[in-house]
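Here the structure comes first, spelled out in structure tokens, and everything after it is commentary.
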Amino acid sequence: MTTTLAPPEGKRAAEGAARTPRRPGRPRRAWLPYALLLPALALELLVHLVPMVYGLLMSFKELTQFYIRDWTTAPWRGLENFRVAVDIDTPVGAALLHSFWVTCLFTVLSVGLCWLLGTTTAVYLQESFRGRGLLRALYLVPYALPMYAAVITWTFMFQRDNGLVNHVLVDQLGLFDEAPFWLLGDNSFWAMLVVSVWRGWPFAFLIVMAGLQTVPRELYEAAALDGAGRRQQLRQVTLPSLRPVNQVLVLVLFLWTFNDFNTPFVLFGKSAPEAADLISIHIYQASFVTWNFGSGSAMSVLLLLFLLVVTAGHLLITSRGRRKADG
């Protein structure tokens, strides 16, 4: 006589659940995530991608003030706008190259100083002491202020005759024999750099301070037991632990600073001095002052390509370094 073994209760219940058909009154909602994303995608297309496509098309046209009413009727110029922009033997190309180098120098100094000030302040404020919360809040004020209000305030402070900067440097400290012009000539570059660093370093401070919260305290305790001082702990523990945070921070600061238009525009108006001729304000002048929108669009496309190349190179280098560290 053969004996048939019954399957376990759990297995039978699982098989029964698998054979049970889905109720017709409860339809699957696989489409719901995509439907929720549609408004954001529509706004992204409307605000960013559509103007980008129009700007790319305008860069291939001879679009001047004569065709501004209907830009689609402007003559097709092909790559001529790009050729003129990169030809350094022409006044347009030479001016764009000068603006590019000014922007590179400004970006390197601004990003470097923002990172240095932000990292230094974040490291020193890691230790607990009375008033630390108040200092953290005060340091974030420049980042929290509206951009235009902050830069306009600096514009008044940089005034030659009645500005606070000259009052302190000339009248109180006696560093200059006469009050310099900070918004004209070569001094305009340093004035713009001061405003950029003043506005940018609190963001670096905030990001680094958040990154420091993820560093285990055991690492510092072990380093202290091994006889490492504060400088050695900073070099051997803090900076290596902050490497992923700093990689993203430097890239974001670079993109923001290289594209900065508001700071020079509010400080100097439509025509910035030659020493402070950032590429963003240069493109604005080429487009809205000389009314050559085709040339300005070509410069914008070149700027976009440059930033894409730098971003891709940065991500490639950092990903390779991360793989080497993991391997």
Side-chain angles (χ1 to χ4, degrees), residues 44 47-49 51-56 58-60 79 81-88 92-119 143 147 189 192-193 195-197 199-208 211 239-240 242-265 272 275-287 295-325:
E44 182 70 20
V47 176
H48 289 98
L49 295 182
M52 189 180 300
V53 172
Y54 277 124
L56 181 61
M58 287 190 295
S59 65
F60 296 105
L79 297 176
N81 289 327
F82 296 92
R83 188 194 65 80
V84 173
V86 299
D87 188 2
I88 61 175
V92 175
L96 182 62
L97 181 63
H98 171 267
S99 177
F100 174 77
W101 289 122
V102 170
T103 308
C104 288
L105 179 61
F106 170 75
T107 302
V108 170
L109 293 177
S110 178
V111 172
L113 290 174
C114 287
W115 177 85
L116 181 61
L117 290 174
T119 302
Y143 183 68
M147 191 280 306
F189 177 86
M192 182 175 60
L193 180 63
V195 177
S196 177
V197 173
R199 290 191 60 249
W201 81 267
F203 175 75
F205 162 70
L206 180 65
I207 299 301
V208 174
L239 293 181
L242 289 176
R243 185 176 292 112
V245 175
N246 284 329
Q247 290 172 351
V248 178
L249 174 62
V250 170
L251 179 61
V252 172
L253 287 176
F254 169 80
L255 295 176
W256 283 359
T257 308
F258 209 95
N259 277 317
D260 190 10
F261 170 80
N262 297 319
T263 300
F265 184 78
D277 186 23
L278 296 185
I279 197 167
S280 57
I281 200 75
H282 186 87
I283 293 174
Y284 172 83
Q285 292 174 352
S287 300
S295 178
S297 298
M299 295 178 187
S300 299
V301 173
L302 292 174
L303 174 61
L304 175 62
L305 293 176
F306 171 76
L307 294 179
L308 288 176
V309 169
V310 172
T311 303
H314 176 83
L315 295 177
L316 181 62
I317 293 173
T318 54
S319 63
R320 286 182 177 178
R322 194 178 300 113
R323 285 196 299 266
K324 289 181 179 179

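Keep in mind it's a predicted model, so treat the numbers as computed, not measured.
Residues in residues 242-254 take part in these side-chain hydrogen bond (donor to acceptor under 3.5 Å, both in side chains) pairs, two or more places apart or across chains: Trp115-Asn246, Gln247-Arg322. Judged as a side-chain hydrogen bond (donor to acceptor under 3.5 Å, both in side chains), not a single pair has a partner in residues 299-317 (not counting sequence neighbours).
Put simply, the side chain of Ile283 reaches to within 4.5 Å of the side chain of Ser287, judged on heavy atoms. You'll find the side chain of Leu305 reaches within 4.5 Å of the side chain of Val301, heavy atoms only. Taking 4.5 Å as the limit, every side-chain heavy atom of Val248 sits out of range of all side-chain heavy atoms of Thr318.
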Audit row: Met192, Leu278, side chain to side chain contact (heavy atoms under 4.5 Å, CB included) steps and yes/no: CA-CA 10 Å; Met192 182 175 60; Leu278 296 185; 3.7 Å; yes
Side chain to side chain contact (heavy atoms under 4.5 Å, CB included) assessment of Val92 paired with Met299: CA-CA 10 Å; Val92 175; Met299 295 178 187; 3.7 Å; yes
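For Tyr284, the ring-ring contact (aromatic ring centres under 6.0 Å, His included) partners are Phe261, Phe265, Phe288, not counting sequence neighbours. With sequence neighbours excluded, no residue satisfies ring-ring contact (aromatic ring centres under 6.0 Å, His included) with Phe189. Here Tyr143 pairs with Phe203 under the ring-ring contact (aromatic ring centres under 6.0 Å, His included) rule; sequence neighbours left out. Scored by the side-chain contact (heavy atoms from CB on, under 4.5 Å) test, Leu308 finds Leu304 as partners (sequence neighbours excluded). A search for side-chain contact (heavy atoms from CB on, under 4.5 Å) contacts involving Val86 returns Leu302, not counting sequence neighbours. Residues forming a side-chain hydrogen bond (donor to acceptor under 3.5 Å, both in side chains) with Ser297 (at least two apart in sequence, or on another chain): none. Applying the side-chain hydrogen bond (donor to acceptor under 3.5 Å, both in side chains) criterion to Thr263, with sequence neighbours excluded, gives Asp260. In this structure Tyr54 satisfies the ring-ring contact (aromatic ring centres under 6.0 Å, His included) test together with Trp71, sequence neighbours excluded. Ser295 is linked by a side-chain hydrogen bond (donor to acceptor under 3.5 Å, both in side chains) to nothing, counting only residues two or more places apart in sequence or in another chain. Applying the salt bridge (Lys or Arg N to Asp or Glu O under 4.0 Å) test to Arg83 and every residue at least two apart in sequence or in another chain returns Glu80, Asp87.
The backbone N or O of Asp277 lies less than 3.5 Å from a partner atom in the side chain of Ser99, making a donor-acceptor pair.
Taking all atoms of both residues into account, the shortest heavy-atom contact from Ser196 to Thr257 is OG-CG2, 4.3 Å. In this structure, Cys114 and Trp201 approach most closely via the heavy-atom pair SG-N, 3.5 Å. Nearest heavy atoms, Leu253 versus Ala204: CD1-CB, 4.3 Å.
Here CZ of Arg320 is found 4.5 Å from CG of Leu316. Values are rounded to the nearest 0.5 Å. Atoms SG and CZ, on Cys104 and Phe254 in that order, are 7.0 Å from each other to the nearest 0.5 Å.
The distance between the ring centers of Phe258 and Phe106 does not fall below 6.0 angstrom.
Around CG of Leu56, the count of heavy atoms belonging to other residues, nucleotides or ligands within 6.0 Å exceeds 12.
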